[in-house]
Number of protein chains: 2
Amino acid sequence: MTTESPITAGMDTTGNEQEQPPSVYELLREDIVSGALEPNARLKVADLSKFYGTSTNPVREALQQLRGEGFVVMEANRGARVRPIDEDFVRDIIEIEVLLEPALTRWFVGVATHVDIEALEAMQERIEELDFADARQHARLDTAFHQLIYDRHYNRHAAELWWKHREILRAISRRYPTSLSRRQAVLSEHRQLIEAIRNQDAEEAAAIVARHVQGSGHHIIEQMGMANRDGARRRAS
Amino acid sequence: MTTESPITAGMDTTGNEQEQPPSVYELLREDIVSGALEPNARLKVADLSKFYGTSTNPVREALQQLRGEGFVVMEANRGARVRPIDEDFVRDIIEIEVLLEPALTRWFVGVATHVDIEALEAMQERIEELDFADARQHARLDTAFHQLIYDRHYNRHAAELWWKHREILRAISRRYPTSLSRRQAVLSEHRQLIEAIRNQDAEEAAAIVARHVQGSGHHIIEQMGMANRDGARRRAS
DNA sequence: ATTTCAAAAATAATGTACAATTTGGGTTGC
DNA sequence: GCAACCCAAATTGTACATTATTTTTGAAAT
């Protein structure tokens, strides 16, 4: 299932057609967003190039791209640092998505075909079958589910923004488990969403998506908070 | 009036404290967004480094940053191109701003102080005094007006997104004149907005801002369309 | 004579190495 | 104690090598 969607194609930063080795950019980005590199950590090109086994230029260019994307902050002549990906950052992203995704969904309701709805149902089937057994696989399916809705939107800029935010959130939540109540809510909200689309109820669909995004954000932030407190407790002992 | 706001400080990509010469990044970005470089134009590092009088690395790094920001698209081993800044792109941005800015404004109404309102009024005074005589200066004042509202928002990500969009739109509209009816609307809407904030009417303020953004977008797109048609007519003769 | 295909040359991107500034810290001399 | 200075570390800029892609060219086949 090679999802060669307009978004992923547009966002594909390397031209990964035949499984090229991941670029420095991809490695570095993953290490930042997954938390392997501490918030505010200094990013010295010499260290990084040694670590990733390349020369300095690929690292320098990766840093610049990540700066453009906002994952890295730089001061002139004083180098780069990891932008902290903290609870505030997640909250900020979620707030934007709460505005964006309902709007995208509302439009989708107007153009959705019978085929689309069947595709959504098929994906939801697979998600429920899997039942969160494989986190990685679940994330993939869940992303595909929402992507189907946003992917075709005429507003490419909005769709790309969604995709970028999605990737950040996905990388963060990979660190934490999904609570049972959240699992329940995800499945239920997906079903409700499909139903609203089928009924051509754009407002209802938008409202469900808003709840869905909000809930997902709350869950992530809660998990982050718990992890922080655990970490503090462990450090204190 | 050195507007050293959190946003501009955060967005300041070079650490421009004492009027350093503009970086390759800034020059290139301006040339893209102002239309000096054609949409989809190829961006060869050798050409650009010759043009800007530097070696290749600064150009390469600038391109990567611009790629991260979405102004440039790249294919592996096939170089960079200017992302077309066309009517669709403006429409996409405006649609996002129509969602974003009202939300930011709604929050501002809740925290605005008497001092804030006076500051807004003072700026509006100066805008009306100037009466669009100096386009550059008007843009500066208008930006400052809206910046006062968005700048302090706790959602840094949203504020930065607004700022980025604002810069793009500013650069585009610099190419075109402002119609008389649009001038009227701008002044009137600003006054209405101040009034709504004073009355603590968040919903009304949000609605006005939505209109304001929408109107600004319509105006730019109209101007772009006219320019295109004029260009086509001129080429046909 | 025209088309087709392949190989080679040119063009341009990507990676490596190194030189030159800038910054921050520490030490010495007053 | 403090200021000037120097040194180490890191960023930024330049030059060059390598690799990938595109274009050209020339010979064979239709």
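Given the structure is predicted, the values throughout are model-derived calculations rather than measurements.
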Item to complete: Could you pull out the closest heavy-atom pair between A:Tyr150 and A:Arg156, with the gap in Å?
Response: O-NH1, 4.5 Å

Worksheet item: Is a side-chain donor-acceptor pair under 3.5 Å present for B:Thr143 with B:Arg166?
Response: yes

Worksheet item: Among residues 44-55 of chain B, which residues get a heavy atom nearer than 4.0 Å to DNA chain D?
Response: B:Thr54, B:Ser55

Worksheet item: Where the side chain of B:Pro58 is concerned, which of D:dA20, D:dT12, D:dG13 is the nearest nucleotide?
Response: D:dG13

Worksheet item: So what does A:Asn77 hit on the nucleic acid, given a heavy-atom distance under 4.0 Å: a base, only sugar-phosphate, or nothing?
Response: sugar-phosphate

Worksheet entry | Close side-chain approach of A:Lys50 and A:Lys44, heavy atoms under 4.5 Å | no

Worksheet item: Would a distance-only check, ignoring hydrogens and angles, find a side-chain to backbone donor-acceptor pair under 3.5 Å from A:Arg81 to A:Asn40?
Response: yes

Worksheet item: At under 4.0 Å between heavy atoms, what does A:Arg78 touch on the DNA or RNA strands: base, sugar-phosphate, or nothing?
Response: sugar-phosphate

Worksheet item: So what does B:Leu63 hit on the nucleic acid, given a heavy-atom distance under 4.0 Å: a base, only sugar-phosphate, or nothing?
Response: nothing

Worksheet entry | Polar pair under 3.5 Å, donor/acceptor by atom type, side chain A:Arg60, base D:dG13 | yes

Discussion item. For a 4.0 angstrom threshold against heavy atoms of chain B, report the outermost contacting nucleotides of DNA chain C in 5' to 3' order.
Written reply: C:dA12 to C:dG15

Worksheet item: Is there a donor-acceptor contact under 3.5 Å from the side chain of B:Ser216 to the main chain of B:His212?
Response: no

Discussion item. Any heavy-atom pair between the side chains of A:Tyr25 and A:Glu69 that's under 4.5 Å?
Written reply: yes

